[in-house]
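Working notes for the structure below.
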There are 2 protein chains.
Amino acid sequence: MSPRILDEQSLRDREQLIIDVAIALIESLGVENLTMDKVIAKVPFSKGTVYKHFIGKEDLVLAISNYAINILADLFWRAAQFEGCARERMLLLNFSYLIYAVLYPALFQTVICGKSPNVYGKSSEKRLQEQEQLEFKLLGAIHGIVEDALANKSLTLPENMDIQQICFANWSMAYGTISLLSGETEQCSGRTALVVERELFNQNNLLFDGLKWSPLAQEKEYSTALKTALAKVFTKELKSLHEKGRDLNF
Amino acid sequence: MSPRILDEQSLRDREQLIIDVAIALIESLGVENLTMDKVIAKVPFSKGTVYKHFIGKEDLVLAISNYAINILADLFWRAAQFEGCARERMLLLNFSYLIYAVLYPALFQTVICGKSPNVYGKSSEKRLQEQEQLEFKLLGAIHGIVEDALANKSLTLPENMDIQQICFANWSMAYGTISLLSGETEQCSGRTALVVERELFNQNNLLFDGLKWSPLAQEKEYSTALKTALAKVFTKELKSLHEKGRDLNF
DNA sequence: TCTATTATTGACGAAACGTCACTGACGAAT
DNA sequence: ATTCGTCAGTGACGTTTCGTCAATAATAGA
């Protein structure tokens, strides 16, 4: 009368397997050519089983996006914990975002896709809530750094702005820069092309100087400080970048 | 021996008609539910004819996106021509971007969709070039303002930054802010929600102060200046916003 | 009127989607 | 051991959407 054979853990494993297969497909074909049939063909389960996990293609894409955000959250966390002044850590955090975008282009691409109405309009409520949760976690890392800065007086809130707004300012700055510039890796010309890491560095300085977040750019060599911090916190990631022939240059 | 019946102008008209129908569909159903068959059903041409204009669904979406960018370019142009100090005009231009996002959500949504690999990966080369062209035009308006500011010394280039980089800084700031916040119009809570126009105003001040672009925020009442400029340059648009019950509040 | 050329059509096959009736596996009850 | 009830898993199938192409209509000159 009660033949329950479902195992919570193996369900998770299976879901992750499907996600992994889908990511591999995205890496080789691009998100635009991802189809459920292709995923199902590469997975040891049938269509019905896959559709038990994801209500549709878009839901799968959003699941991948969530997985990707999780990875990013880990990077943010590590950056936030670096021992250094707050402004320095925030710069590091923003660069971890960039590292992520360069290192996992397929994931970054998928996250962008997840922002498309095309996708979130057809996803399950559960998955959407999960996304919200994860983004909250991301902002949490940023929030922590700003609080530290306020606590030690290196930063004071401008009139008419609260912490949340400072966090948002930082987030949207990094988001705008990276999403507009990332992906344009191979500029063919020799002219003054926009290099994403340089622009990101500039914009950090501009925004933080605008906030009068001390030490100001002219008072501290953030360039070298950032290099040190990156080498310490993101050793492995920098190595991966190097192997990709994509050393950061700012 | 030469029965050419193709008329350049009517071809354009027809293409625009298809685009208009598609926009109407997007407004009522959302981009995610746009299908070629639905478009074709509402248009006085057959499938083959429609496919003569657009190589596929994604190509149509990109065409709509381009149409949308054109409208935005017009707003930018008008903002850039306002008689006022350069920093003020730039602020106005960024707000015209916001007005656009609020006034034509379907178009804005479609432009975002056009950024998705899903779409641009399947569009015609011609359409992609057109897009590049149009975005160049957008940046041109920004460029002009910065040049004026440099010419009258209200702004000086920071070390290691050129005009293009200043333009980009502004663009990515506005893009990040609006794309992250726009669409979250109905925050259910009464707490300090992020209101897009307020954040946009803040970020303008932060960025421009960071650039030491005079007059600084503390030296000039940009809030009232912006209100005046908006009323003068975007009278019609403000009225439309008001009718939508969405007055700007910063 | 005839013809050469091009525009337009919509039926059609392919591809992808998502469903659902069926199979089978397992535990409990007899 | 057998029966039975329940649920995981299957994949064939109907549907939707896509995009093509062979056939048809339209046009202007000969």
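Letters A, B, ... mirror the listed sequences (proteins, then strands); counts begin at 1. Nothing here was measured: the structure is a model prediction, and the numbers come from that model.
- Taking the ring axis of A/F45 as reference, the NZ or CZ atom of A/R14 stays within 45° of it and closer than 6.0 Å to the ring centre.
- The aromatic rings of B/W171 and B/Y97 lie parallel to each other, with less than 30° between the two planes, well short of the 60° mark.
- Counting to the nearest Å, the P atom of D/dC7 and the CG atom of A/D7 are 17 Å from each other.
- For the pair A/M36 CE and D/dT17 P, the interatomic distance rounds to 17 Å; values are reported in whole Å.
- Taking the ring centroids of B/F95 and B/F234, they lie at or beyond the 6.0 Å cut-off.
- Between the side chain of A/K47 and the base of C/dG18, at least one donor-acceptor pair of N or O atoms lies under 3.5 Å.
- Checking the phosphate oxygens (OP1, OP2) of D/dG9, a side-chain nitrogen or oxygen of A/R14 falls inside 4.0 Å.
- We find that CG of A/N33 is positioned 15 Å from P of D/dC18, with the value rounded to whole Å.
- Separating the OH atom of B/Y51 from the C1' atom of C/dG13 is a distance of 14 Å, rounded to the nearest angstrom.
- In this entry the distance linking NE2 of A/H53 with P of D/dA8 reads 10 Å, nearest Å.
- Each of D/dT10, C/dA16, D/dC18 was ranked by its minimum atom distance to the side chain of A/F45; first place goes to D/dT10.
- With hydrogens and angles left out, the side-chain atoms of B/N66 and B/E130 include a donor and acceptor closer than 3.5 Å.
- Side-chain proximity of B/S46 to the nucleotides C/dT9, C/dA16, D/dT10 is greatest for C/dT9.
- Contact annotation: B/T49 side-chain N/O to C/dT9 OP1/OP2 distance is under 4.0 Å.
- Atom CG of B/L34 is separated from atom P of D/dC18 by 8 Å (rounded to the nearest Å).
- Separating the CD atom of B/E8 from the P atom of C/dA7 is a distance of 12 Å, rounded to the nearest angstrom.
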Self-check item: Steps toward side chain to side chain contact (heavy atoms under 4.5 Å, CB included) verdict (A/L60, A/H53)
Solution: CA-CA 8 Å; A/L60 171 58; A/H53 288 275; over 6 Å; no
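- When heavy atoms are screened at a 4.0 angstrom cut-off, B/K52 is found touching base atoms of the nucleic acid.
- Regarding B/F54, its CZ atom lies at a distance of 13 Å from the P atom of D/dG19, rounded to whole Å.
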